[in-house]
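Quick notes on the structure that follows.
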Amino acid sequence: MSVLRRALIAASESDALERQVTSRTLTRRIAMKFIAGETLDDGIAAVREVAARGCTATLDFLGEAVTGPDDARSAQKAILTACQRINDESLPSGLSVKPTQMGLSFDPDLAFELIGEIATEAQRFDGHVNLDMEGTDVTEATVALCERLREAGHDNVGCALQSYLHRTHADVERLTATGASLRLIKGAYDVPPSIAYQDASDVDASFERSMDWLLAHGHYPRIATHDDKLIDRAKRTAIRLGRSLDDFEFQMLYGVRTTLQDKLVAGGWRMRIYIPFGDEWYPYFMRRIAERPANMVFFLRALAGS
Ligand SMILES: Cc1cc2nc3c(=O)[nH]c(=O)nc-3n(C[C@H](O)[C@H](O)[C@H](O)COP(=O)(O)OP(=O)(O)OC[C@H]3O[C@@H](n4cnc5c(N)ncnc54)[C@H](O)[C@@H]3O)c2cc1C
């Protein structure tokens with residue numbers, strides 16, 4: 001991981017920089033390339049827009065690492081309102097939830113209760129609820145939370161797993177044993193070499209191993225990457241294994257590689273778009289900037305000039 005990338009990920013926790021970035025017109029404009037907008041209406045409009053292009057969606061109400069139960073409950077309320085809209089308007093969308101937004105860091109029982117209620121609500125429209133995977137301080141807690149929710153009968157709950165972690169393939173097998181549908185990703189946080197691959201080629205090799213395994217043994221795998229090489233490999237592997245095209249999906253982020261999204265849909269592949277909305281977009285946006293050198297240059301110029 002480059003020094004600049006590490007610095008930008010660290011900056012995603014800086015209140016001072018957050019004030020600069022969220023108040024400037026130009027940086028806000030760049031951010032809105034990756035975020036549907038600050039309101040639920042914006043999120044719903046983006047779901048309709050991707051649906052018109054033949055994609056499904058997963059809506060994410062932005063926010064993470066809340067520090068008290070009231071904030072967790074108020075975020076859950078916003079997510080339940082989103083569920084209501086998806087249901088009332090028969091939209092092709094599931095939900096993505098950050099466990100630390102539901103209180104996982106300070107009260108795992110509260111996170112279990114709040115996400116369980118979201119899963120029950122989403123069941124009404126057959127919606128999948130995916131637990132986003134966050135920093136390494138909550139990896140085990142998130143995997144255990146997914147297991148616990150599934151044991152409690154929430155069959156529509158799955159989890160994201162990050163190929164940069166050494167432990168991930170074991171987690172892929174562990175959660176597949178519960179029947180969970182898993183989202184495989186490379187990972188977007190700063191992670192120490194003691195527990196995570198640092199070279200892109202190792203992260204990719206780990207992704208390939210888990211992806212091949214999921215396509216052979218997984219329950220509706222969700223292959224979440226914009227990487228051409230991995231997407232081509234997934235297609236070839238699925239065809240070789242005789243996996244039906246409607247028994248797994250590709251996922252990409254809102255605003256990233258839209259042309260490739262359309263190309264996959266035109267080829268008959270399932271494509272789901274992760275759609276973030278809400279006013280707490282700063283840390284999410286900084287992780288998107290950190291992912292790509294071209295984004296970093298563009299962003300730093302805007303920050304200096306606006
Ligand atoms: C649906 C979805 C859900 C995710 N959920 C999580 C999660 O729960 N936890 C987590 O840690 N991470 C999550 N991520 C982020 C993920 O971990 C990676 O950081 C991110 O997807 C970039 O990795 P990549 O696989 O696309 O490969 P990369 O090698 O990073 O990118 C491949 C190519 O895609 C394009 N690209 C990638 N990112 C960007 C960008 N930000 N802007 C413009 N172009 C870009 C570039 O052309 C790049 O060359 C999610 C990603 C997706 C697609």
Side-chain angles (χ1 to χ4, degrees), residues 1-2 5-6 8-9 12 30-35 46 50 55-60 62 64-65 93-101 104 128-139 142-143 145-146 158-165 168 171 181-191 196-197 199-208 210-211 221-234 248-261 263-264 270-276 281 283-299:
M1 183 180 281
S2 75
R5 182 170 181 192
R6 187 158 276 149
L8 282 167
I9 294 175
S12 73
I30 297 174
M32 292 308 141
K33 177 176 165 351
F34 300 103
I35 290 130
V50 303
C55 306
T56 54
T58 180
L59 262 181
D60 168 50
L62 289 162
E64 50 199 81
S93 185
L95 294 139
S96 287
V97 178
K98 287 209 168 25
T100 65
Q101 188 184 30
L104 183 65
H128 182 76
V129 177
N130 192 281
L131 306 186
D132 282 352
M133 187 55 81
E134 305 175 74
T136 52
D137 52 331
V138 289
T139 309
T142 303
V143 172
L145 176 63
C146 181
C159 190
L161 293 172
Q162 299 154 324
S163 75
Y164 60 25
L165 295 182
T168 283
D171 289 335
S181 164
L182 302 175
R183 174 201 296 158
L184 186 64
I185 47 178
K186 289 188 185 178
Y189 295 76
D190 189 10
V191 278
Y197 302 110
D199 288 348
S201 59
D202 293 332
V203 176
D204 289 358
S206 164
F207 195 108
E208 287 175 2
S210 293
M211 178 172 77
R222 297 161 193 262
I223 311 297
T225 180
H226 315 91
D227 186 329
D228 291 308
K229 225 172 26 321
L230 293 173
I231 291 168
D232 287 346
R233 184 186 177 102
F248 75 104
E249 68 184 24
F250 290 108
Q251 296 194 346
M252 291 190 200
L253 299 174
Y254 180 80
V256 178
R257 303 210 69 186
T258 312
T259 308
L260 177 59
Q261 297 169 9
K263 206 168 137 195
L264 285 166
R270 284 192 172 194
M271 182 79 244
R272 187 179 300 272
I273 311 300
Y274 183 104
I275 299 180
W281 47 261
Y284 175 90
F285 169 60
M286 291 301 280
R287 288 194 292 274
R288 300 295 75 82
I289 292 299
E291 260 153 22
R292 193 168 175 241
N295 289 353
M296 294 184 207
V297 174
F298 191 46
F299 167 74

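On a predicted model such as this, the values are computed, not experimentally measured, just so you know. Read the numbers this way: they start at 1 and go in the same order the structure lists the ligands and their atoms.
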Should you measure from each heavy atom of [X], which atoms of ligand 1 turn up under 4.0 Å away?
| X | answer |
| --- | --- |
| Gln251 | 1 (C), 53 (C) |
| Tyr274 | 1 (C), 3 (C) |
| Arg257 | 34 (O), 35 (C), 47 (O) |
| Ala160 | 8 (O) |
| Gly187 | 11 (O), 16 (C), 17 (O), 19 (O) |
| Asp132 | 8 (O) |

Does ligand 1 have a heavy atom under 4.0 Å from the side chain of [X], from its backbone, from both, or from neither?
| X | result |
| --- | --- |
| Glu134 | neither |
| Phe34 | side chain |
| Asn295 | side chain |

Checking a contact table here: which protein heavy atom is nearest [atom], and how many Å away?
| atom | value |
| --- | --- |
| atom 52 (C) of ligand 1 | Leu253 CD2, 3.4 Å |
| atom 19 (O) of ligand 1 | Glu291 OE2, 2.6 Å |
| atom 10 (C) of ligand 1 | Ile185 CD1, 3.3 Å |
| atom 5 (N) of ligand 1 | Arg183 NH1, 3.0 Å |
| atom 43 (C) of ligand 1 | Arg292 CD, 3.3 Å |
| atom 25 (O) of ligand 1 | Thr225 OG1, 2.6 Å |
| atom 36 (N) of ligand 1 | Val256 CG1, 3.9 Å |

Just by distance, do the side chain of [X] and the backbone of [Y] share a donor-acceptor pair under 3.5 Å?
| X | Y | result |
| --- | --- | --- |
| Thr100 | Ala65 | yes |
| Thr58 | Ser96 | yes |
| Asn295 | Arg288 | yes |
| Thr168 | Ser163 | no |
| Gln162 | Gly135 | no |
| Tyr254 | Val50 | no |
| Arg257 | His226 | yes |

For [Y], is there an ion pair with [X] - N to carboxylate O distance below 4.0 angstrom?
| X | Y | value |
| --- | --- | --- |
| Asp227 | Arg233 | no |
| Lys186 | Glu291 | no |
| Asp132 | Arg183 | yes |

Is_contact(atom 48 (C) of ligand 1), protein non-hydrogen, under 4.0 Å:
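Answer no: nothing from the protein, no heavy atom, is under 4.0 Å.
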
Heavy atom of protein closer than 4.0 angstrom to atom 31 (O) of ligand 1:
no

Heavy-atom side-chain proximity of Tyr164 to Tyr189 below 4.5 angstrom
yes

For Cys159 and Met133, work out which heavy atoms get closest and say how close.
SG-CE, 3.9 Å

Given Lys186, Met252, His226, Met133, which one has a non-hydrogen atom that is nearest to atom 21 (O) of ligand 1?
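That would be His226.
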
Who's closest to atom 15 (C) of ligand 1 heavy-atom-wise, of Arg287, Arg288, Lys98, Gln162?
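Closest candidate by heavy-atom distance is Arg288.
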
